[in-house]
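Reviewing the structure listed below.
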Amino acid sequence: MSSVITRFAPSPSGFLHIGSVRTALINYLFVKKSKKEFKDSKFLLRIEDTDKERSENKYFESIINGLKWLNINWEEEIYIQSKNINLHKNIAEDLLNNKKAFKCICTKEQLDKKREKYVKERKNIKRLCTTCENNIDIQSLKKDYCVRMSIPNNGSIVIDDLVQGKVEVLNSEIDNFIILRRDSTPTYMLSVVVDDNKMGITHIIRGDDHLNNAFKQFHIYNSLNWKIPKFVHIPLMHGNDGSKLSKRHGSMDIIEFKNNGYLANSIVNYLLTLGIYSSKNEIFSIDSIIKDFELSKINKSPSKFDYEKLNFINLNYIKNLNNNDIINLFKNDYNFDATNFDTNLITKALDILKNRSNTLLNLKDNILPFLIAKNLKRNKNDVSEESIILLKKYKDIIDKENEWEKEKIERITKEFTNNENIKFNEIGEPIRLILTGKSKGIPISDILIILGKKETLERINNFFI
RNA sequence: GACCCCUUCGUCUAUCGGUUAGGACACCAGGUUUUCAUCCUGGAAAGACGGGUUCGAUUCCCGUAGGGGUCGCCA
């Protein structure tokens with residue numbers, strides 16, 4: 001082995017979604033592992049923006065922001081593919097001069113018609129332009145042509161993919177695809193090869209929707225006598241119903257996960273459990289698995305996106321966050337400055353509530369009732385006459401209590417239920433409702449401790465007003 | 001339709017031909033002498049199907065079925 005260079009090469013024609021993040025992550029992880037041995041290994045980012053019609057700045061932003069959020073850090077400056085167009089054109093010119101490519105004047109309509117016909121006749125013919133290549137007049141044209149790769153009819157290409165294994169495709173199955181459009185702009189198929197070569201990419205790690213393209217690109221490399229990089233085609237993620245990722249199950253902007261209260265580390269951890277790395281303990285960081293990570297161990301079958309597992313992992317990470325981290329995340333990412341409130345109260349509340357919150361949004365919702373009393377959703381009709389009598393008695397008892405400690409509160413509450421001969425919940429539910437706006441939730445003693453004696457009594461009194 | 005890839009509990013996965021097929025999420029039951037949740041213990045749950053090779057197949061090979069990807073002057 002030697003040093004490696006990988007790249008993540010999205011086109012800015014859609015938001016960065018969780019499927020592409022997984023691809024980026026594998027590229028990043030592979031380099032990170034290689035760096036242990038070879039310091040000059042690199043993970044690069046290239047934006048494939050040659051389709052100006054579909055490229056939009058907001059998608060570019062989405063890619064950058066998403067990767068940054070997840071700490072999938074690329075090196076060097078961002079490569080903008082469109083800046084290399086002249087080089088791509090020159091390479092196409094070389095291929096033309098060396099008879100590795102040819103000029104074609106077939107119109108889109110003609111080809112569509114042929115394609116339709118072949119499908120109808122169930123013929124397995126991919127190569128639609130069959131006449132231009134050997135037509136001298138066409139080949140000496142100076143304008144109004146597109147350029148296609150010349151692909152031999154015989155033989156086959158075998159790609160030894162690091163994940164897929166050996167895959168063979170007959171040359172006759174490969175279209176003499178276009179590398180330069182009629183307007184002389186390069187297509188993806190050409191640009192990707194030229195840029196990967198220029199950037200010195202050693203391992204092309206991408207979704208297996210590109211596996212078929214690899215054979216076309218193989219011909220470009222060969223025609224140019226360029227070294228062929230290692231191909232690594234990883235399976236795509238699916239939605240939880242087995243279909244393609246849709247908005248409902250995760251094809252939205254990855255940053256939405258942040259907006260919905262997920263931690264970057266949780267997302268990364270979750271993705272790593274999806275056919276990339278497996279262990280008994282499924283909570284792990286990138287760094288902890290680097291030494292055991294192998295491209296060849298990546299599963300060949302696609303995996304489905306599952307929120308349940310993600311939630312489980314996210315809860316684990318939230319539990320282990322310290323309170324300052326949470327407060328900072330609230331402030332930076334959720335427009336919520338907890339430092340405006342009593343520090344002591346915040347600390348006590350977070351200590352208890354972070355153990356029961358799947359997402360940071362959830363945690364915020366859980367903590368808010370403790371901080372802001374006036375927004376409590378509670379209605380006098382929710383509490384029965386009997387409960388109100390009990391509440392008043394209970395209030396008088398805790399009013400006299402000066403040792404405001406969990407054990408003490410538990411004890412006096414227990415005594416109260418014994419003396420009144422009631423089940424715990426007969427006082428538990430109404431007191432929880434009055435103090436937090438919810439009839440179910442954390443233990444009464446915890447609520448009283450978080451709020452403190454003064455606030456507790458105030459809230460009870462306010463309810464009776 | 002053609003080509004390529006895939007197929008172990010509902011989901012993510014482990015298994016270097018010989019295992020009571022293991023773990024995790026979710027689910028169910030019990031416990032943690034208060035609800036919800038956490039946590040703990042236990043439970044149910046899988047080799048798509050059919051052939052071969054082999055003393056022995058989830059594992060290797062072939063076929064079938066099912067799923068996915070690709071077939072653009074998009075990337």
Side-chain angles (χ1 to χ4, degrees), chain A residues 9-14 48-51 53-55 81 104 106-108 111-112 115 118-126 128 145-148 159 161 163-165 167-170 172-175 177-189 191-192 206-216 233 235-236 238 240 242-244 270 272-283 299-313 315 319 352-358 366 410 413-414 417 423-429 432 438-445:
Chain A
S11 75
S13 56
E48 309 214 317
D49 60 339
T50 50
D51 185 351
E53 300 254 315
R54 294 180 211 206
S55 295
Q81 187 160 63
C104 164
C106 298
T107 64
K108 202 170 165 37
L111 298 177
D112 285 346
R115 192 176 295 120
Y118 289 146
V119 169
K120 219 175 204 170
E121 294 173 2
R122 301 191 169 187
K123 281 187 177 158
N124 181 21
I125 297 176
K126 297 271 166 26
L128 271 12
Y145 57 82
C146 69
V147 178
R148 291 177 178 274
I159 286 178
D161 189 285
V163 165
Q164 303 290 329
V167 185
E168 178 174 14
V169 169
L170 263 26
S172 56
E173 295 277 345
I174 300 172
D175 182 24
F177 55 95
I178 291 171
I179 56 174
L180 227 50
R181 304 184 185 98
R182 190 173 279 250
D183 65 2
S184 85
T185 57
T187 62
Y188 159 79
M189 215 59 79
S191 297
V192 75
R206 60 193 1 171
D208 67 5
D209 51 335
H210 283 291
L211 183 58
N212 291 281
N213 290 338
F215 294 89
K216 295 180 178 175
H233 288 97
L236 260 21
H238 288 166
N240 52 12
S243 65
K244 248 184 156 175
Y270 173 64
L272 290 174
T273 66
L274 254 40
I276 298 174
Y277 183 80
S278 78
S279 67
K280 293 242 167 173
N281 177 11
E282 295 193 297
I283 306 295
N299 271 359
K300 291 170 82 172
S301 54
S303 46
K304 294 173 189 162
F305 183 79
D306 178 21
Y307 265 109
E308 301 283 1
K309 188 87 166 235
L310 210 211
N311 287 340
F312 166 78
I313 290 174
L315 173 64
K319 267 186 198 169
I352 292 162
L353 293 168
K354 69 185 176 187
N355 290 312
R356 49 167 60 233
S357 305
N358 271 337
N366 286 337
E410 276 173 359
T413 308
K414 190 93 187 164
T417 57
K423 286 182 185 167
F424 188 91
N425 249 357
E426 291 181 56
I427 185 65
E429 283 205 17
R432 193 182 283 113
K438 291 171 188 167
S439 60
K440 298 200 190 304
I442 64 173
I444 302 306
S445 52

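Naming convention: chains lettered A, B, ... in sequence-line order (proteins, then strands); numbering from 1 in each chain. When reading the values below, keep in mind they use all heavy atoms of this one structure, side chains included, and skip hydrogens, waters and symmetry mates. What you see is a predicted model; the values in this text were computed from it and never measured.
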With distance as the sole test, does [X] use its side chain to make a donor-acceptor pair with the main-chain N or O of [Y] at under 3.5 Å?
X         : Y         : result
Gln81(A)  : Thr50(A)  : no
Arg182(A) : Cys146(A) : no
Asp183(A) : Thr185(A) : yes
Lys126(A) : Ile174(A) : no

Classify [X] by what it touches in the nucleic acid, base, sugar-phosphate, or nothing, heavy-atom distance under 4.0 Å.
X         : result
Leu274(A) : sugar-phosphate
Ser191(A) : nothing
Ile442(A) : base
Glu282(A) : base
Thr273(A) : sugar-phosphate
Gly275(A) : sugar-phosphate
Lys126(A) : base
Glu168(A) : sugar-phosphate
His233(A) : nothing

Paired with [N] by Watson-Crick or G-U wobble geometry, both distances under 3.5 Å: which nucleotide is it?
N       : value
rU35(B) : none
rG1(B)  : rC71(B)
rA65(B) : rU7(B)
rG30(B) : rC40(B)

Quiz item: For every nucleotide of nucleotides 26-34 of chain B, 5' to 3': is a protein heavy atom under 4.0 Å from its base (B), only from its sugar-phosphate (S), or from neither (-)?
Solution: S-------B
Measure [atom1]/[X] against [atom2]/[N] and give the value in whole Å, please.
X         : N       : atom1 : atom2 : value
Ile178(A) : rC71(B) : CD1   : P     : 13 Å
Asn212(A) : rC6(B)  : CG    : P     : 13 Å
Asp208(A) : rG67(B) : CG    : C1'   : 13 Å
Asp161(A) : rC6(B)  : CG    : P     : 10 Å

Hey, is the side chain of [X] poking within less than 4.0 Å of OP1 or OP2 on [N], counting only N and O atoms?
X         : N       : answer
Asn299(A) : rC6(B)  : no
Lys300(A) : rC6(B)  : yes
Lys319(A) : rC39(B) : yes

Quiz item: Considering only heavy atoms from C-beta outward, does the side chain of Asn366(A) approach that of Lys438(A) to under 4.5 Å?
Solution: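 With C-beta onward as the side chain, the pair touches.
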Quiz item: Should Phe177(A) and Thr187(A) count as side-chain neighbours, where that means a heavy-atom distance under 4.5 Å?
Solution: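 Counting from C-beta outward, Phe177(A) and Thr187(A) never come under 4.5 Å.
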Taking only the [atom1] atom of each, what is the distance from [N] to [M] in whole angstrom?
N       : M       : atom1 : value
rG50(B) : rG66(B) : P     : 16 Å
rG43(B) : rG22(B) : P     : 11 Å
rG23(B) : rA14(B) : C1'   : 7 Å
rC5(B)  : rC60(B) : P     : 15 Å
rA44(B) : rC55(B) : C1'   : 35 Å

Exercise. May I ask you to verify whether the side chain of Asn213(A) and the base of rA75(B) hold a donor-acceptor pair under 3.5 Å?
Key: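 Yes, the side chain and the base share a sub-3.5 Å donor-acceptor pair.
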Quiz item: Ignoring hydrogens and angles, are the base of rC71(B) and the side chain of Arg115(A) linked by a donor-acceptor pair under 3.5 Å?
Solution: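 No pair found.
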Quiz item: Does a sphere of radius 6.0 Å around CD in Glu168(A) hold more than 12 heavy atoms from other residues, nucleotides or ligands, not counting ones at 6.0 Å or beyond?
Solution: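 It does: Glu168(A) CD has more than 12 such atoms within range.
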Quiz prompt | Nearest atoms (heavy-atom pairs only) where Ile178(A) meets Leu180(A) | solution =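 Nearest heavy atoms, Ile178(A) then Leu180(A): CG2-O, 3.3 Å.
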Self-check item: Nucleotide nearest Ser303(A) (side chain, heavy atoms from C-beta), chosen from rU13(B), rA75(B), rC73(B)
Solution: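 The closest nucleotide is rU13(B).
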Quiz item: Tyr270(A) and Tyr307(A): aromatic ring centres closer than 6.0 Å?
Solution: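 Ring centres of Tyr307(A) and Tyr270(A) not closer than 6.0 Å.
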